[in-house]
Amino acid sequence: MVQSEIRTVEEEQRRAKAVELSRQGAWMKWNLPGRKITWAELWRMEPFRISFMLRSVYYTLPSPCNLHRLGLIEGPSCKLCGERGTMAIRLSGCKVALTHGRYRWRHDKVLKHLAEILHIERKKEETIKNRGKVDQIR
């Protein structure tokens, strides 16, 4: 009887914690590998990137579900596909957006940005190599 009562109390605490966490995101659905960010990386990041990361972890980005819960829009569904507008749908799971190439456009923009960074770094390396050659000639 004592064990049963303790289990009941523990289960109630777990349910309360689950309800509390459900507002912070689909904590049981997205099992992604953890990413550890060093302080050095954090200091180099742009404020908007830090804000996005924090808001995505705590599920406070303006998804249709969150906007509906706050009373800012009428329904929690995605305007494109009609499914429940969670962050998973919003970021990469909307079938209509996939067929229209919207995610590809976003990924192409990321690749373009990465290519620009690589180009700048390659130029820096070439400059350093050229300086070394000039120093050897002298």
inquiry  = Quick check for you: to the nearest 0.5 Å, what is the distance between Leu42 atom CG and Ile37 atom CD1?
reply    = 6.5 Å
query = For Glu41, does the CD atom have more than 12 heavy-atom neighbours from other residues, nucleotides or ligands under 6.0 Å away?
reply = yes
remark   = Value for SG (Cys65) from CE (Met87), rounded to nearest 0.5 Å, stands at 10.0 Å
ask   = If you round to the nearest 0.5 Å, how far is CG of Asn66 from CZ of Arg55?
value = 9.5 Å
query = Going from NE2 on His113 to CG on Leu118, what distance comes out if it is rounded to the nearest 0.5 angstrom?
reply = 10.0 Å
ask   = Do Lys95 and Leu80 come within less than 4.5 Å of each other through their side chains, counting heavy atoms only?
value = no
query = Got a second to check how far Leu61's CG is from Leu54's CG, nearest 0.5 Å?
reply = 10.0 Å
Within-4.5 Å side-chain heavy-atom neighbours: Pro64 and Arg84 = no
request  = Drop me the distance from Lys112's NZ to Leu114's CG, to the nearest 0.5 angstrom.
outcome  = 12.5 Å
request  = Please test Glu121 against Lys124 for salt bridge (Lys or Arg N to Asp or Glu O under 4.0 Å), starting from the C-alpha separation and ending with a verdict.
outcome  = CA-CA 5 Å; Glu121 292 299 318; Lys124 285 180 187 177; 3.3 Å; yes
ask   = Taking atom CD of Glu46 as the centre, does the number of heavy atoms from other residues, nucleotides or ligands within less than 6.0 Å exceed 12?
value = no
task = Group every Ile, Leu, Val, Met, Phe, Trp and Tyr by side-chain heavy-atom contacts under 4.5 Å, then state whether Val110 and Phe52 land in the same group.
result = no
remark   = Nearest heavy-atom approach of Ser77 to Gly82 is CB-O, 3.5 Å
key: Any donor-acceptor pair under 3.5 Å from Ser51 side chain to Pro47 backbone   = no
query = So, the side chain of Asn130 versus the backbone of Glu126: is there a donor-acceptor pair under 3.5 Å, distance only?
reply = yes
query = Do other residues, nucleotides or ligands put more than 12 heavy atoms under 6.0 Å from the CZ atom of Arg104?
reply = no
query = Can you hop from Phe48 to Ile50 via hydrophobic side chains spaced under 4.5 Å?
reply = no
ask   = Do His119 and Arg122 have side-chain heavy atoms sitting under 4.5 Å apart?
value = yes
